[in-house]
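The structure under discussion appears below in the form of structure tokens.
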2 protein chains.
Amino acid sequence: MNLEEVARLSGVSRSTVSRVINNDPNVREDTRQRVLEVVRRVGYQPNTAARGLAAGHTRILGLVIPMGVSALFADPYFPLLIQGISSACNMHDHSVMLWLADPDYERRTIRQITHNGLIDGVIVASMLMDDPLVQALAEGDLPFVLVGRHPTDNRVSYVDVDNRAAAREAVAHLLRLGYRRIATITGPQNMIAGADRLDGYRAALKDRGLAFDPDLILEGDFTEAGGYAAMQRLLPRRPEAVFVASDMMALGALRALREAACRVPEDVALVGFDDMPFAARADPPLTTVRQPVQRAGAIAAEMLIDLIKHPGQGPRRVILPTELIIRASCDAGPKARKH
Amino acid sequence: MNLEEVARLSGVSRSTVSRVINNDPNVREDTRQRVLEVVRRVGYQPNTAARGLAAGHTRILGLVIPMGVSALFADPYFPLLIQGISSACNMHDHSVMLWLADPDYERRTIRQITHNGLIDGVIVASMLMDDPLVQALAEGDLPFVLVGRHPTDNRVSYVDVDNRAAAREAVAHLLRLGYRRIATITGPQNMIAGADRLDGYRAALKDRGLAFDPDLILEGDFTEAGGYAAMQRLLPRRPEAVFVASDMMALGALRALREAACRVPEDVALVGFDDMPFAARADPPLTTVRQPVQRAGAIAAEMLIDLIKHPGQGPRRVILPTELIIRASCDAGPKARKH
DNA sequence: CGAAATTTTGGGAGCGCTCCCAAGCCTAGA
DNA sequence: TCTAGGCTTGGGAGCGCTCCCAAAATTTCG
């Protein structure tokens, strides 16, 4: 069933049917109704490939998730992001093409994504420090949006949270409670969010005039296992509190602590990051930084759709607010307990 | 940059370039090399829309995840499934189009998925008893594969595990350990896997000539919160052991038990289902039924690709093996403890 | 060496749509 | 009544590719 067929059945021309299904106002009302009736009756659905070819756009967005550590994808972060993107796409009558890509793509893979002539734009999640895809995108002219800021190029559009400020606030909270010997389990330092959160940790210590102890900084990989391993190495160094750069890692840290028979927060306090669904249900419930992941996804999609509609406009940036969620994994602090 | 252009640059015709990029053997070797060189130099990438239109296929698979409970998508099940599908697609040079759909789609949405002329086939991670999309697919002639068996129509292809047998084995394990008063927290009964696992529970009891007590059967929804709520209601009924139809719910059950100061497995033993990554890291580590979710995804994709290549062939079915993973959430059993 | 068989290449047609321009229709005002 | 102007409509061209058939080039073999 194609345009021509529908045209024949409704006694009009191909062009008129095309106008009707594209909501062109230049159609007499009774003609429109007649065509619409046929469309409905035969269940006509325009061919996306043909449309894309003729019109030069497809209403399809690409979503690329560069995934080095495959275990990372188990983090609810990505499902949430995808849900946000997907719902915005549904809302705006767009579709999503998904690529889970190994970040050391070959050149060919990159071109396959950027020049397949099928997608109108790309959302790239999980920002690496130097992603060749992002570089290719920046040099090409396919609209794109990053989820997570770009460290250097200020001509790219993105939606992000202020990871540095949020981390700083989280650590400041620990300091305010009286904790002093505060360690951190960071994310991978080749990920922007990982680096930014460490930066925030440093800033918070500096705000109080505290020197930071390199022994109290351990690099994790945003996975549970990574958090567990880091916490085990951290334990002998006797931190009073740990700022863990993701809830998933905090879960691992919690497990290491439990195995070592350390009480949380009495022996070691913990602050996480993300406020993933499981954070509230952990034992003890995690104090953490909430970031609106699903909303970030939706906004990224909308931003991209807008960018596609108005090409050549300047880069857009949205910084979403975070919120420190106080739960039970840090308490009134050592100060209070001394009394 | 298009075919014609590449043809001009390599001094051959459009057709020859087309043959080269499609690996048609009917090209002289030196011609092939010359064209390939140009393709590489200019970074030519064929236009997918044009290709799809002309060839009638696109090497794109649709993936539909009907998502009633959006919280369900937080279960690592879906990321794992997507990973499996995605990696098989990468391997076979296919792409994925993703739809997270509300299961009470309108007719239009269904046609949009099945008749957009863009995808060569569909994978439905459907698990609902009566999914209108599946019905539409069965009536149409777009190749499709279900992840999870179809309850009635035996002409559809799917990949699944034997949920009933696996559940039966899990409960048999509890019985063997000496537990008798065994409850179950089921999945939603409008989901096939939910119903099948309950069925397996019943079968295991029956195998031992045990009547089942309706009071010990609580319906959950495959979410953590659902497991938690069910366990709370279950507690006063004093079960010795609980077969929980998903690890996510088991996590909730564990939380309810912890809050009620019940020890696992001493006071209540637990068996989960899925062997999600977090099951091994729960406190205590969960005895559970492992199912190869990622592999199921990969096999579904490969099955679909095969179905596309050989249309009109009979339905394919693959039942993947499950494995009971013994961990600490059930022990030698009350029998042992009495001595 | 020449004809037949085979390999290799070129070009037309067409996939289903959008976009554009021209033609047809209708209304209103002179 | 006639015409200018604004609605509507139709049809050609073309998006970039594949598929098919025929032509050209090459090889094979008597």
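Scope of the values below: all heavy atoms of this structure, side chains included, with no hydrogens, waters or symmetry mates. Nothing here was measured: the structure is a model prediction, and the numbers come from that model. In the text below, chain A, chain B and the rest are named by the order of the sequence lines, each starting its count at 1.
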query = Taking the nucleotide of DNA chain C with the closest heavy atom to each, which residue, A/Leu3 or B/Thr16, is nearer the 5' end?
reply = B/Thr16

inquiry  = Let's test your reading of the model: under 3.5 Å, does the base of C/dT18 pair with the side chain of A/Arg14 as donor and acceptor?
reply    = yes

ask   = What is the nucleic acid contact for B/Ser15, judged by heavy atoms within less than 4.0 Å: base, sugar-phosphate only, or nothing?
value = base

message = Does B/Asn26 reach a base, just sugar-phosphate, or nothing at all? Heavy atoms under 4.0 Å.
response = base

query = Below 4.0 angstrom, N of the basic side chain to O of the carboxylate: do A/Asp120 and A/Arg59 qualify?
reply = no

task = State, yes or no, whether a side-chain contact exists between B/Leu118 and B/Met97 at a heavy-atom distance under 4.5 Å.
result = yes

query = If you check the A/Val12 side chain, which of D/dG10, C/dC17, C/dG10 turns out closest?
reply = D/dG10

Whole angstrom value for the distance that separates P of D/dG14 from CD of B/Glu4 = 13 Å

task = State whether A/Glu37 and A/Arg40 are salt-bridged, where the test is any N-O pair (Lys NZ or Arg NE/NH1/NH2 against Asp/Glu carboxylate O) under 4.0 Å.
result = yes

note = Ranking A/Arg51 and B/Arg19 by the position along DNA chain C of their nearest nucleotide, the one closer to 5' is B/Arg19

ask   = Would you say the base of D/dG11 and the side-chain of A/Ser13 have a donor-acceptor pair closer than 3.5 Å?
value = no

inquiry  = The side chain of A/Ile21 is closest to which nucleotide in this list: C/dT9, D/dG16, C/dT18?
reply    = C/dT18

inquiry  = Is the shortest side-chain heavy-atom distance between B/Thr31 and B/Val12 below 4.5 Å?
reply    = yes

Selection from C/dG16, C/dC15, C/dT9 that lies nearest to any side-chain heavy atom of A/Leu53 = C/dG16

ask   = Within the structure shown, what part of the strands sits under 4.0 Å from A/Asn2 by heavy-atom distance: base, sugar-phosphate, or nothing?
value = sugar-phosphate

